[in-house]
Amino acid sequence: MSKFSIAIHGGAGALSDVSEHRTALTEIINEAANLASNASAIDVVERTVVLLENHPLFNAGKGSVLNNKGEVECDAAIMNGTDLDAGAVAGVRGIKNPVALARKVMSDSEHVMLVGDGALEFAASVNAPTEQLDYFVVESRLKQLEEAKKAGKVVLDHSDTEEEKLGTVGAVAIDDKGNLAAATSTGGIVNKKFGRVGDSPVVGAGVYAENGLCAVSATGFGEQFLRTTLSKHIGDWMRYNHVDAQSAAQAGIDYLVEKVNGLGGVIVVDANYNIGIAHSTPLILSASICSGETGARLDF
Ligand code: ASP
């Protein structure tokens with residue numbers, strides 16, 4: 001079996017009943033481990049995030065949170081640590097798997113990020129699968145938006161509402177050749193202004209991968225991760241301090257809290273196949289597995 005390490009997340013926040021999330025993340029991390037036995041890190045993170053996007057429990061693809069117009073607008077990015085190649089889409093509607101479209105932006109265009117109508121035109125040119133807009137909307141998100149509007153708030157998918165639903169998804173992986181990759185996908189935050197873009201599709205904020213160093217996927221209040229360029233901060237922390245994934249993840253979250261009192265979490269895998277997970281929220285829904293291990297670790 002090839003050597004690999006993978007970590008995935010389904011958002012950071014607080015949630016009293018995590019049983020459904022445990023089941024979903026266990027299934028998905030096991031599937032990711034199967035993929036990893038003969039796929040490159042970049043393929044593993046893309047295909048794993050597709051599974052997370054297709055699961056209605058998570059705030060990405062189907063099941064995304066709603067903006068202030070009651071619509072789903074998705075952001076996603078993918079980054080290949082081999083050559084720092086990256087692709088991203090922001091504010092896309094009707095695209096079944098935003099992360100797969102981000103991968104196409106990386107491989108089939110000369111750009112890193114496409115948004116809105118331009119992204120949709122590109123999606124059509126590469127035959128990206130689409131869905132009717134109501135495919136993305138699940139019942140619980142309508143209630144969540146109603147509550148946020150009533151409270152007059154823009155809220156994290158996983159903030160202090162009665163039933164706090166966690167959401168945004170991501171994956172980081174290293175393969176047997178030492179290639180690192182990361183991907184992040186989200187519907188954003190509840191009741192966000194139409195057109196708002198968070199950290200998830202922005203290289204260095206919600207996603208980062210660099211061979212020899214680490215791969216990072218972030219989740220939390222996007223504006224705080226943008227202002228701290230948190231994923232790149234974690235990479236640089238490792239570069240200059242020569243620490244492992246766990247110390248770098250914790251250093252990143254400490255910086256997020258110190259500088260902007262930020263709320264969220266990160267998953268990190270380093271070039272030595274170590275996993276790091278840290279959060280300033282009560283929990284991050286995360287799971288990880290390394291080659292040779294009999295089962296996945298769930299950290300919530
Ligand atoms: N980071 C995402 C955003 O701000 C939200 C999340 O991680 O739940 O768009």
Side-chain angles (χ1 to χ4, degrees), residues 7-15 21 25 49 52-53 55 57-61 63-68 71-78 88-93 98-99 102 113 115 136 140-141 144-145 148 153-161 163-172 182-208 216-234 249 252-253 256 260-268 277-286 300:
I8 61 175
H9 72 79
L15 200 64
H21 298 83
L25 288 184
V49 169
L52 290 159
E53 286 176 343
H55 201 299
L57 204 51
F58 301 107
N59 171 19
S64 287
V65 299
L66 305 175
N67 68 11
N68 63 351
E71 298 166 345
V72 166
E73 288 182 305
C74 295
D75 302 335
I78 189 164
V89 292
V92 292
R93 305 192 63 207
V99 73
M113 187 186 289
V115 306
F136 297 90
S140 57
R141 300 301 188 195
Q144 198 182 32
L145 177 63
K153 291 195 297 186
V154 177
V155 290
L156 264 187
D157 179 30
H158 32 77
S159 74
D160 58 355
T161 52
E163 185 52 32
E164 294 155 319
K165 297 263 193 312
L166 290 95
T168 289
V169 305
V172 292
T184 307
S185 181
T186 189
I189 51 179
V190 186
N191 199 23
K192 66 182 181 180
K193 208 178 269 303
F194 167 66
R196 174 264 189 192
V197 175
D199 62 313
S200 308
V202 177
V203 168
V207 68
Y208 192 70
V216 183
S217 173
T219 173
F221 253 114
E223 283 72 7
Q224 298 163 342
F225 285 75
L226 282 164
R227 289 161 60 207
T228 52
T229 52
L230 202 78
S231 295
K232 179 65 159 48
H233 177 82
I234 289 173
I253 292 299
L256 179 78
V260 297
N261 199 20
L263 265 184
V266 291
I267 55 171
V268 181
I277 294 167
H279 46 99
S280 59
T281 43
L283 60 81
I284 180 169
L285 296 176
S286 63
F300 59 99

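When a ligand or atom number is given, it counts from 1 through the structure's own listing order.
- Between T219 and ligand 1, at least one N/O pair is under 3.5 Å apart.
- Side-chain atoms of S217 and H9 form a donor-acceptor pair, as typed in the model, at a separation below 3.5 Å.
- Among the atoms of D199, some N or O lies under 3.5 angstrom from an N or O of ligand 1.
- Taking CG of D199 as the reference point, atom OG of S231 lies at 7.0 Å (rounded to 0.5 Å).
- Between R196 and E73, no side-chain nitrogen of the basic residue sits less than 4.0 Å from a carboxylate oxygen of the acidic one, so the salt-bridge criterion is not met.
- In summary, the atoms of ligand 1 found under 4.0 Å from a heavy atom of T168, numbered by their order in the structure, are 2 (C), 5 (C), 6 (C), 7 (O), 8 (O).
- For ligand 1, the polar-atom distance check against A218 finds no nitrogen or oxygen pair separated by under 3.5 Å.
- Between the side chains of T168 and T186, at least one donor-acceptor pair of N or O atoms lies under 3.5 Å.
- Residue nearest to atom 2 (C) of ligand 1, selected from G220, G170, G198: G220 (by heavy-atom distance).
- For the pair R196 and ligand 1, the shortest N or O to N or O distance falls below 3.5 Å.
- Not a single N or O atom of T186, backbone or side chain, sits closer than 3.5 Å to an N or O atom of ligand 1.
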Determine, stepwise, if the pair Q144 / R141 fulfils side chain to side chain donor-acceptor pair (under 3.5 Å).
-> CA-CA 5 Å; Q144 198 182 32; R141 300 301 188 195; 3.2 Å; yes

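- Residue S200 places a heavy atom under 4.0 Å from ligand 1.
- Each of V92, V89, N59 was compared with C74 under the side chain to side chain contact (heavy atoms under 4.5 Å, CB included) criterion, and only V92 meets it.
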